[in-house]
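Structure record follows, encoded as C-alpha cells.
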There are 2 protein chains.
Amino acid sequence: MLNIRSNLTMSEAAELLEGAFRARNLVIIVGNCRVEYEGRASSTLEWGERVTVIKKDGSILVHRPTGYEPVNWQPPKCVIAVNQVDATVLITASRANPRETLTIEFKQISLTAFGSLSDTGEFALYVTEAQMKQAILAAPSLVEEGFKPLEEEKHVEDTGFTDIYGVDKTGFLVVIEIKRNAATKDAATQLYGYLEKIRTRVDRPVRGIVVAPDLRKSAQPVLQSMKIEFVKLDPEKCFKILKSTKDMKLSQFIS
Amino acid sequence: MLNIRSNLTMSEAAELLEGAFRARNLVIIVGNCRVEYEGRASSTLEWGERVTVIKKDGSILVHRPTGYEPVNWQPPKCVIAVNQVDATVLITASRANPRETLTIEFKQISLTAFGSLSDTGEFALYVTEAQMKQAILAAPSLVEEGFKPLEEEKHVEDTGFTDIYGVDKTGFLVVIEIKRNAATKDAATQLYGYLEKIRTRVDRPVRGIVVAPDLRKSAQPVLQSMKIEFVKLDPEKCFKILKSTKDMKLSQFIS
DNA sequence: ACGTCGATCTCGAAC
DNA sequence: GTTCGAGGTCGACGT
C-alpha cells in the first residue's frame with residue numbers, strides 16, 4: 001500500500017517523511033533540491049528537479065532527468081534524518097566506514113510516495129563466468145579433445161586463483177583462464193602470472209589457454225609473445241550445455 | 001508539472017504511459033512486475049513490487065526495495081514501447097550495440113508519475129585523479145624536491161597515456177602514475193608498461209613513481225620487483241593546494 | 001565504431 | 001575488519 005501526496009507544503013512533507021523513515025518505508029520524492037556530499041570525495045549539486053529514492057536498508061539515490069547513474073547516492077546502512085529548516089526540508093544520510101554524509105535540501109516537493117513494498121521474487125542471472133566454468137567442467141571437450149580438468153580451483157600463491165587446472169591428452173599441464181567477454185591483454189598477463197609460478201614448481205610442460213567468446217585485437221600479440229593459446233567459447237553454448245546437463249540430472253531422477 | 005495517478009487499471013496505465021513515452025517524459029512506476037533481460041547476459045526476475053524509473057534519454061532502472069544497485073536496467077539510448085497484453089502492461093526497452101532487450105511485465109500498478117523535470121543545476125565533484133594531477137603540476141615538490149614536470153601528457157604508443165612525465169634534480173627521467181585511491185598492483189603493471197616503452201626510446205635512466213594516498217600490501221612486492229617507487233599523497237592535500245593556487249590566481253586578478 | 005581507464009565505483013568472497 | 005577481483009559494470013576520452 002502506497003501513501004501518495006502531491007504538491008505538499010514543506011511542513012507537511014517534513015512530517016510525512018519523518019513517519020515514513022521511522023516505518024522504514026521505501027520513499028520516493030520528486031522535487032526541486034540541492035545536494036551536498038562529503039566523504040570519500042566531495043560534491044555539490046545546485047538547484048534542480050530530481051527523483052530521490054530512499055530504501056529501507058538506508059540506501060539513497062538522487063536521479064537527474066537523464067543518465068543511468070545517480071548523480072548522488074549512498075550505499076545501504078545509512079542513518080536517515082529529516083529536518084524542516086525555514087522553508088526547506090533537509091534530508092541527511094550519514095554512515096560510518098567510510099565516514100560520509102549526503103545532504104539533500106528541498107525547496108519544493110511535487111510528489112512524495114512511500115510504503116512497504118513486498119518483493120520476494122527470485123532473481124536469476126544466466127551465463128556468468130562461473131557458469132561458463134561449470135559448463136567446461138561438465139563438457140571438457142569444449143576446450144579441446146582429451147582435456148581433463150583436475151581440481152576445480154588451484155590456489156597459486158600470491159596471485160589468486162586459476163579458473164581451471166587440468167591435463168591434456170599428452171599429459172601436459174593445462175591452465176585455463178575463462179572470460180565471459182572478449183579477452184583483453186590483462187587476461188593474458190593474469191594467466192601468465194599463474195603460469196610462471198606453476199612452472200617453477202612443476203617439471204613438465206605447462207600450457208596456458210584463454211577461453212573466451214572473442215579475443216581483442218590488442219591481446220593477440222600479447223598472447224603470442226607469452227605463448228598462450230586461445231579457445232573461442234560462446235556463453236550461449238555454455239548455457240545450452242548447462243541446460244542439457246540439468247535435464248540429464250532431472251531425467252535420472254525421473255527414470 | 002507532474003501527472004500522478006494511483007491504482008490504475010491496466011488499460012488506463014497502458015494509455016497514459018504510451019503518451020508519457022511519446023512526450024519523452026520522465027516516468028516513475030510502482031507496481032507488481034516480472035522482468036526479463038536478454039543481451040550480454042540473460043536474467044529473469046519473478047513477480048514482486050518494485051520501483052521503475054524510465055528517463056527521457058531511454059535509460060531504465062528497476063529497483064527492488066533494498067540495495068543501491070538496480071536489479072535490472074538499461075543504459076541510455078533505448079527504444080521504449082508499451083503494450084497491453086491481456087491483463088498486463090508490457091514495457092520493452094531495446095537497444096543495439098550491444099543488442100539487448102529488457103522486458104517488464106506489470107500485473108498491478110500502484111503509481112504512475114510522469115512529467116518533464118527541469119534540472120540545469122551545476123554538478124561539481126572535488127578531488128578526482130585529474131585534480132591530483134593539477135595539484136602536482138602546481139606544486140611539483142609534492143612528488144619530491146627538485147622534480148620538474150615536462151609535458152602534461154606524453155603519449156606512449158599503444159599503451160595510452162602517462163599521468164605526468166618529468167625530470168628529477170639529477171636529470172633522470174621520471175614517469176608518474178597517479179592513483180586517487182590506494183594503489184593496487186595494476187597501477188604498477190600499468191606504469192611498468194609505459195616505462196618499458198620509454199626505456200627503448202631514451203638513453204638515460206628512467207624512474208617510475210606511483211603517487212597515491214596509500215599502497216596495498218599486495219602491490220608492494222610488485223613495485224619492488226619492478227623497481228618502481230612509491231610516494232604518498234592524500235587527495236585532501238591536493239585540494240588545499242588547488243584552493244590556495246586558485247586563491248592566488250584570484251588575488252592576482254583582484255590586486 | 002572500438003579500446004583504455006577512472007569511479008564517492010558496488011558487491012561479494014576469502015583471508 | 002581488510003583485501004581482492006568481478007561486473008550485463010557505466011561513462012569519458014582518445015583513436
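Just so we're on the same page: letters track the sequence lines, and every chain starts at 1.
- Judged by distance alone, with hydrogens and angles left aside, Glu129(B) brings no side-chain donor or acceptor close enough to the base of dG6(C) to form a pair under 3.5 Å.
- For the contact set between residues 55-80 of chain B and DNA chain D, defined by any heavy atom under 4.0 Å, the members are Asn72(B), Trp73(B), Gln74(B), Pro75(B), Pro76(B).
- Between Phe123(A) atom CZ and dG12(C) atom P there is a gap of 12 Å when expressed in whole angstrom units.
- Sorted by residue number, the members of residues 209-219 of chain B with any non-hydrogen atom under 4.0 Å from DNA chain D read Arg216(B), Ser218(B).
- One can place CG of Asp234(A) at 16 Å from C1' of dG8(D), the figure rounded to the nearest angstrom.
- Atom pair Ile178(A):CD1 and dG7(D):P shows a separation of 11 Å (rounding to whole Å applied).
- Sorted by residue number, the list of members of residues 27-40 of chain A with any non-hydrogen atom under 4.0 Å from DNA chain D is empty.
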Side-chain polar contacts of residues 51-60 of chain B - donor-acceptor pairs under 3.5 angstrom, sequence neighbours left out - could you list them?
{"from": "Lys55(B)", "atom 1": "NZ", "to": "His63(A)", "atom 2": "ND1", "distance (Å)": "2.8"}
{"from": "Lys55(B)", "atom 1": "NZ", "to": "Arg64(A)", "atom 2": "O", "distance (Å)": "2.8"}
{"from": "Lys55(B)", "atom 1": "NZ", "to": "Thr66(A)", "atom 2": "O", "distance (Å)": "3.4"}
{"from": "Lys55(B)", "atom 1": "NZ", "to": "Gly67(A)", "atom 2": "O", "distance (Å)": "2.7"}
{"from": "Asp57(B)", "atom 1": "OD1", "to": "Ser59(B)", "atom 2": "N", "distance (Å)": "3.0"}
{"from": "Asp57(B)", "atom 1": "OD1", "to": "Ser59(B)", "atom 2": "OG", "distance (Å)": "2.6"}
{"from": "Asp57(B)", "atom 1": "OD2", "to": "Gly67(A)", "atom 2": "N", "distance (Å)": "2.6"}

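- Formation of a donor-acceptor pair under 3.5 Å by the Arg216(B) side chain with backbone atoms of Lys185(B) is not found in this model.
- For the atom pair Leu17(A) CG and Ile91(A) CD1, the distance stands at 5.5 Å (nearest 0.5 Å).
- Nearest nucleotide to the side chain of Arg180(B), out of dG6(C), dC9(C), dA1(C): dC9(C).
- In this structure the side chain of Phe239(A) never reaches within 4.5 angstrom of the side chain of Gln131(A), judged on heavy atoms.
- To the nearest 0.5 Å, the span separating CD1 on Ile241(A) from CG on Leu142(A) amounts to 4.0 Å.
- Nucleotides dC5(C) and dC9(C), compared at atom C1', are 13 Å apart to the nearest Å.
- Counting only heavy atoms from C-beta outward, the side chains of Ile176(B) and Tyr165(B) never approach each other to under 4.5 Å.
- Inter-residue side-chain proximity for Val211(A) and Ile136(A) is flagged as met; some heavy-atom pair is nearer than 4.5 Å.
- Listed by first and then second residue, the salt bridge (Lys or Arg N to Asp or Glu O under 4.0 Å) pairs involving residues 225-235 of chain A are Arg207(A)-Glu229(A) (not counting sequence neighbours).
- When each of Thr184(B) and Ser43(B) is assigned the nucleotide of DNA chain D with its nearest heavy atom, Thr184(B) is the one assigned upstream, toward the 5' end.
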**OP:** Kindly determine whether Lys107(A) and Glu105(A) satisfy salt bridge (Lys or Arg N to Asp or Glu O under 4.0 Å), including the steps that lead there.
**Re:** CA-CA 7 Å; Lys107(A) 68 177 177 188; Glu105(A) 184 183 2; over 6 Å; no
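- For the pair Arg50(B) (side chain) and Cys33(B) (backbone), a donor-acceptor distance under 3.5 Å is present.
- OP1 or OP2 of dG6(C) has not a single side-chain nitrogen or oxygen of Asn181(B) nearer than 4.0 Å.
- Straight-line distance from the CG atom of Asn97(A) to the P atom of dT10(C): 13 Å, rounded to whole Å.
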When the side chains of residues 72-81 of chain B are checked against the rest of the protein, which donor-acceptor pairs come out under 3.5 Å, sequence neighbours left out?
{"from": "Asn72(B)", "atom 1": "ND2", "to": "Ser43(B)", "atom 2": "OG", "distance (Å)": "3.1"}

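- Thr128(B) comes within contact range of the sugar-phosphate backbone alone, with a heavy-atom separation under 4.0 Å but no base atom that close.
- Taking only side-chain nitrogens and oxygens, Lys179(B) never comes nearer than 4.0 Å to OP1 or OP2 of dA7(C).
- Separating the C1' atom of dG5(D) from that of dT9(D) is a span of 13 Å, rounded to the nearest Å.
- In this structure, CD1 on Ile178(A) lies 8.0 Å from SG on Cys238(A), to the nearest 0.5 angstrom.
- Gln190(A) has a side-chain polar atom (N or O) that falls below the 4.0 Å cut-off from OP1 or OP2 of dA6(D).
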